[in-house]
Amino acid sequence: MKLPYAEPFRIKTVEPIRTSTKDERMKWIKDAKYNLFNLKSEQVFVDVLTDSGTGSMSSSQWAEIMLGDESYAGASSFYKLKGTISELLGMEYFLPAHQGRAAENVLFSALMGNEGQGMVVPGNSHFDTTKGHIEFRKAKALDCTIDEAFDTTIFHPFKGNIDLSKLEKVFKDHPKEKIPVCIITVTCNSSGGQPVSMQNIKEVSELCRKYGIMVFFDAARFAENAYFIREREEGYGDKTIKQIVKEMFSYVDGCTMSSKKDGVVNIGGFIATNRKDIYEKASVFNIVFEGFLTYGGMAGRDMGALSVGLRESTEYDFLDQRIGQVAYLGHKLKEYGVPVQEPFGGHAIFVDAKRFLPKVPKEEFIAQTLAVELYIEGGVRGVEIGTLLADRDPETRENRYPELELLRLAIGRRLYTDNHMNYIAAALKNVYDRRDQITRGFKIIREAYIMRHFTVELERL
Ligand code: F0G
């Protein structure tokens, strides 16, 4: 008999979670103005809001916590992490930051100061904080993702890929000085946790070089991307994840990183680059916004834990279980007929809310409606990746209606068991069975000027 797969870890510490009744949840979500970010975590049974900062650290990482050097300047924990980044990513210069968006703030400050009017930053569906930093500076984030990414029924092994002709058009339509960088997000969160192929990374890099444009990774889930390259791209099946990672980074000038994902730590981020000029410019902003160069908003102990986390997340067994568990949930949902994006993403399953709830009008926030229903059904907290997240056009202030209305179920690293996956799938199946009765969604009663989804308040229609 073929041995079944099993988690490559055992559990040393547990954290109790609390069940609740449907009546309690109906009251709680109403009080939360139908915004799942407003719920208290104790009102949630299985939390799949995000895989960011929610992972479980290993015993080796916890051991690093005790070894942390908390010196203001020159801490050994900094040099430990610097060594790991240089060894794994091949990047010589490194600036710690307190999380991914802080690294983005530092990088975009270095590239465009406070004023990016007329500038454009092409890429593959930038994450919302990246877009936020670009648009906050009045520049534009241009999405050059391949068209296949926007059809959840098409199987394409690398839906995070950049369309080279779209990218070249951006380069032809704008003077070089107006394009400070091209960002490749690996894996591409906004298009569904979808990977970018090595070939595409290489070709984008070549095109950028031809036009004299710098290219950076948004590297939050770089290890997951490497796993997909190993599984799906010819020529990589017998390479180690670490070899693939090294090759991926050899094609770019640098990266911003949210360590809360593939760093498997609860907080942290960084910039890494081989460009001394960028490092020097960014250093000034790092000191102003984050902290001195050898801690940048991170405690020494956290830098130590991150150093170990990066080594662990670039192990094949770790990724095989992690991505395997996400796929396990995906298969369960498919079995129940729930429309999900395929192929399954690395960190999350994305439910196609437009196909799930065809009767809810797009003006009434389809994916948010589904997220609220799932919470009421089983105390499962997912997150809307749809019109609320897409926000308003910065110029016209009209709602932007993205092609996809998705409910994301993001799975923390080493966090839940496969039984929790069964539970999530059953709850969603119950909602699916009564989908015909769900015909109306929500209207906004209060929203912020930028990144509204975090604080938006809604009323049922
Ligand atoms: N880039 C990507 C691709 C991300 O997914 C995130 C965060 C960031 C940058 C920003 O990093 O949170 O450390 O400041 N994504 C989280 C999510 C919030 O739930 O997907 P951060």
Side-chain angles (χ1 to χ4, degrees), residues 36-37 41 44 47-55 95-108 121 123-136 141 143 145 149 159-160 162 181 183-196 216-225 228 248 252 254-272 286 289-290 296-298 302 306 309-310 313 326 345-350 367 371 381-386 388-390 406-413 415 450-455:
L36 291 109
F37 287 99
S41 68
V44 176
D47 205 349
V48 286
L49 181 73
T50 179
D51 63 322
S52 180
T54 55
L95 287 168
H98 80 271
Q99 62 183 87
R101 68 199 72 182
E104 290 163 6
N105 185 32
V106 170
L107 179 70
F108 288 115
V121 179
N124 53 342
S125 304
H126 311 66
F127 184 66
D128 52 324
T129 56
T130 319
K131 199 190 263 173
H133 278 297
I134 294 167
E135 291 179 351
F136 181 73
D143 189 356
T145 312
K159 280 188 172 175
I162 289 181
V181 66
I183 302 271
I184 314 177
T185 304
V186 286
T187 57
C188 185
N189 190 358
S190 310
S191 74
Q194 299 293 330
V196 182
F216 263 55
F217 278 144
D218 173 345
R221 300 179 182 85
F222 72 97
E224 290 170 10
N225 200 93
F228 284 118
M248 282 167 60
V252 296
C255 71
T256 56
M257 173 73 184
S258 167
S259 309
K260 303 170 75 172
K261 284 82 168 175
D262 279 351
V264 210
V265 289
N266 305 116
I267 195 77
F270 60 82
I271 292 175
N286 218 69
F289 294 141
E290 294 299 294
M298 289 188 75
D302 289 336
L306 172 57
L310 289 170
S313 75
V326 172
H347 64 294
I349 293 298
F350 290 73
R381 172 162 68 172
V383 72
E384 186 246 27
I385 309 271
L388 282 178
L389 181 75
L406 300 168
L407 166 64
R408 187 183 77 169
L409 310 168
I411 312 301
R413 293 162 185 79
L415 185 63
I450 200 164
M451 306 197 76
R452 65 178 180 185
H453 58 290
F454 287 121
T455 52

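For ligands, and for the atoms within them, numbers begin at 1 and follow the listed sequence.
- Side-chain contact between D262 and M257 is present, with at least one heavy-atom pair separated by less than 4.5 Å.
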Could you list each nitrogen or oxygen of ligand 1 that sits under 3.5 Å from a protein nitrogen or oxygen, with the atom names and the distance?
unit_1   : atom_1 : unit_2 : atom_2 : d
ligand 1 : 1 (N)  : D218   : OD1    : 3.1
ligand 1 : 1 (N)  : D218   : OD2    : 2.6
ligand 1 : 5 (O)  : N189   : ND2    : 2.8
ligand 1 : 5 (O)  : R221   : NH1    : 2.9
ligand 1 : 11 (O) : S258   : OG     : 3.3
ligand 1 : 11 (O) : K261   : NZ     : 3.3
ligand 1 : 12 (O) : Q99    : NE2    : 3.4
ligand 1 : 12 (O) : R101   : NH2    : 2.9
ligand 1 : 12 (O) : K261   : NZ     : 3.4
ligand 1 : 13 (O) : G100   : N      : 2.8
ligand 1 : 13 (O) : S258   : OG     : 2.6
ligand 1 : 14 (O) : Q99    : NE2    : 2.8
ligand 1 : 14 (O) : G100   : N      : 3.3
ligand 1 : 14 (O) : R101   : N      : 2.8
ligand 1 : 14 (O) : R101   : NE     : 2.7
ligand 1 : 15 (N) : K261   : NZ     : 2.9
ligand 1 : 19 (O) : T50    : OG1    : 2.7
ligand 1 : 19 (O) : R408   : NH2    : 2.7
ligand 1 : 20 (O) : N189   : ND2    : 2.8
ligand 1 : 20 (O) : R221   : NH2    : 3.2
ligand 1 : 20 (O) : R408   : NH1    : 2.8
ligand 1 : 20 (O) : R408   : NH2    : 3.4

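- Using a 4.5 Å heavy-atom threshold, the side chains of N124 and V196 count as touching.
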Between R413 and D51, does a salt bridge (charged side-chain N to carboxylate O under 4.0 Å, His left out) hold up when you go through it step by step? CA-CA 7 Å; R413 293 162 185 79; D51 63 322; 3.0 Å; yes
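- Side-chain contact between D218 and H126: absent, with no pair of heavy atoms (C-beta onward) separated by less than 4.5 Å.
- With a 4.5 Å cut-off on side-chain heavy atoms, M298 and F270 do not count as touching.
- At a threshold of 4.5 Å between non-hydrogen side-chain atoms, the residues K261 and N189 do not count as touching.
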